[in-house]
Amino acid sequence: MPELPEVETTRRGIAPHVQDHNIEAVRVRQPRLRWPVPPDLADLLVDRRVQSVARRGKYLLIGFEHGTVLVHLGMSGSLRLVPEALPPARHDHLDLVLDSGLALRLTDPRRFGAVLWQPLGAVHELLASLGPEPLSDTFDAACLQRACKGRRSSIKQVIMDSKVVVGVGNIYANEALFAAGIHPKRAAGRISPQRLARLVDEIKGVLARAIEQGGTTLRDFVGGDGKPGYFSQELAVYGRAGDACVRCRETLREIRLGQRSTVFCPKCQT
DNA sequence: CTAAGGACCTGTCGGC
DNA sequence: TGCCGACAGGTCCTTA
């Protein structure tokens, strides 16, 4: 998926076209996403006005007066604004038709994404136990130190755990660990507080820079306005196994951690 | 509680 | 050219 920067880029792209607009129709072509699309979604949304477009972790939150639509893009999802009458392609599963003649269209080949409804006053279970936002002040050195204390699993798996901090996916976990000089496999509980503090800074830095550049384009990702991101040009390790380390020219190595591809510099990361 | 592995689904790529 | 396995941005759920 889209990692957090991609989701934020999407949010910024779609917000001006969606906020303060009325939903005229909801067209669900494929309700079988990761969880079924609520069958009554049209009843809930038609003739209602979008009040806000926010984000929590990798969830997009489309706010109405009586509740919130949660959209997760899974591994391969994207949202775009299209002319309402544009014929849907194979994996275009859902449209929110707006009063402007545009439709917010969800495309998701792998269908790991989700569209859910959260009534006003309720907190959806999926959001209930999420950790802090990585770019907020709540996510600081003390916070990561607490999360790592006593944990034997690798630091990479800990920072990718959404209960610890949200929005750090595989690409940015690799990049942040490289930037911080920490070996991805190192046991989280055996890293000094100073190095964890550094890691917090690097996570924030990598994510902030990626958002500035509109995310990382891999394969089919496009932001809400259809423009690709450019952060892929800045990736130091992800997708570069076998290449030379940008810092010391050592050959970058690839291993598997939790079934995810993990690339690091054996010399710079310890 | 933690940790590890499977599950969901489709598309693409490399190797034979 | 065609087929087959491995792998891809996520993360919940089950099992140990």
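We name chains A, B, ... by the order of the sequence lines, and we start the count at 1 in each one.
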Q: Given side-chain contact (heavy atoms from CB on, under 4.5 Å), test A:Thr10 with A:Leu60 step by step and report yes or no.
A: CA-CA 9 Å; A:Thr10 299; A:Leu60 281 164; 4.0 Å; yes

Q. Distance between the P atoms of B:dG5 and C:dC7, in whole angstroms?
A. 15 Å

**Q.** SB check A:Arg29 A:Asp95 (cutoff 4.0 Å)
**A.** yes

Q.
As a quick check of understanding, evaluate side-chain contact (heavy atoms from CB on, under 4.5 Å) for A:Arg105 and A:Leu86, giving each step before the final call.
A. CA-CA 10 Å; A:Arg105 180 164 287 180; A:Leu86 185 73; 3.9 Å; yes

Q: Search all heavy atoms of A:Gln19 against all heavy atoms of A:Ser52 and return the closest pair with its distance.
A: NE2-CA, 3.9 Å

Q.
As a test of your reading of the structure, name each stem of DNA chain C as range with range, where a stem is three or more consecutive Watson-Crick or G-U pairs at under 3.5 Å.
A. B:2-8 with C:10-16, B:10-16 with C:2-8

Q) Of the nucleotides C:dA8, B:dA4, C:dC12, which one has an atom closest to the side chain of A:Gln157? A) B:dA4

Q) Hey, does the side chain of A:Ser153 come within less than 4.0 Å of B:dA3's phosphate (OP1/OP2), counting only N and O? A) yes

Q. Closest to the A:Tyr238 side chain: C:dC12, C:dG10, C:dG9?
A. C:dG9

Q) Are A:Ile211 and A:Ile203 connected in a single hydrophobic cluster, I mean Ile/Leu/Val/Met/Phe/Trp/Tyr linked by side-chain heavy atoms less than 4.5 Å apart? A) yes

Q. Which whole-number value in Å describes the distance from A:Glu8 CD to C:dG9 P?
A. 21 Å

Q: Find the distance A:Leu70:CG to C:dT11:P and express it as a whole number of Å.
A: 13 Å

Q: Over 60° means perpendicular and under 30° means parallel, so classify the ring planes of A:Tyr59 and A:His72, tilted if in between.
A: perpendicular

Q) Taking the P atom of each, how far is C:dT11 from B:dT12, in whole Å? A) 23 Å

Q. Does the cation-pi check pass for A:Arg240 over A:Phe178, that is, NZ or CZ under 6.0 Å from the six-membered ring centre and within 45° of its axis?
A. no

Q. With a non-hydrogen cut-off below 4.0 angstrom, is A:Arg260 in contact with a base, only sugar-phosphate, or nothing?
A. base

Q: Run through the side-chain heavy atoms of Ile, Leu, Val, Met, Phe, Trp and Tyr, join any pair under 4.5 Å, and report what else lands in A:Val97's cluster.
A: none

Would you tabulate the pairs of protein nitrogen or oxygen atoms and nucleotide nitrogen or oxygen atoms of nucleotides 7-10 of chain B closer than 3.5 angstrom?
| unit_1 | atom_1 | unit_2 | atom_2 | d |
| --- | --- | --- | --- | --- |
| B:dC9 | O4' | A:Arg110 | O | 3.2 |
| B:dC9 | O3' | A:Arg111 | NH2 | 3.0 |
| B:dC9 | O2 | A:Arg110 | NE | 3.0 |
| B:dC9 | N3 | A:Arg110 | NH2 | 3.4 |
| B:dT10 | OP1 | A:Arg111 | NH2 | 2.7 |
| B:dT10 | O4' | A:Pro109 | O | 3.3 |
| B:dT10 | O3' | A:His91 | NE2 | 3.2 |

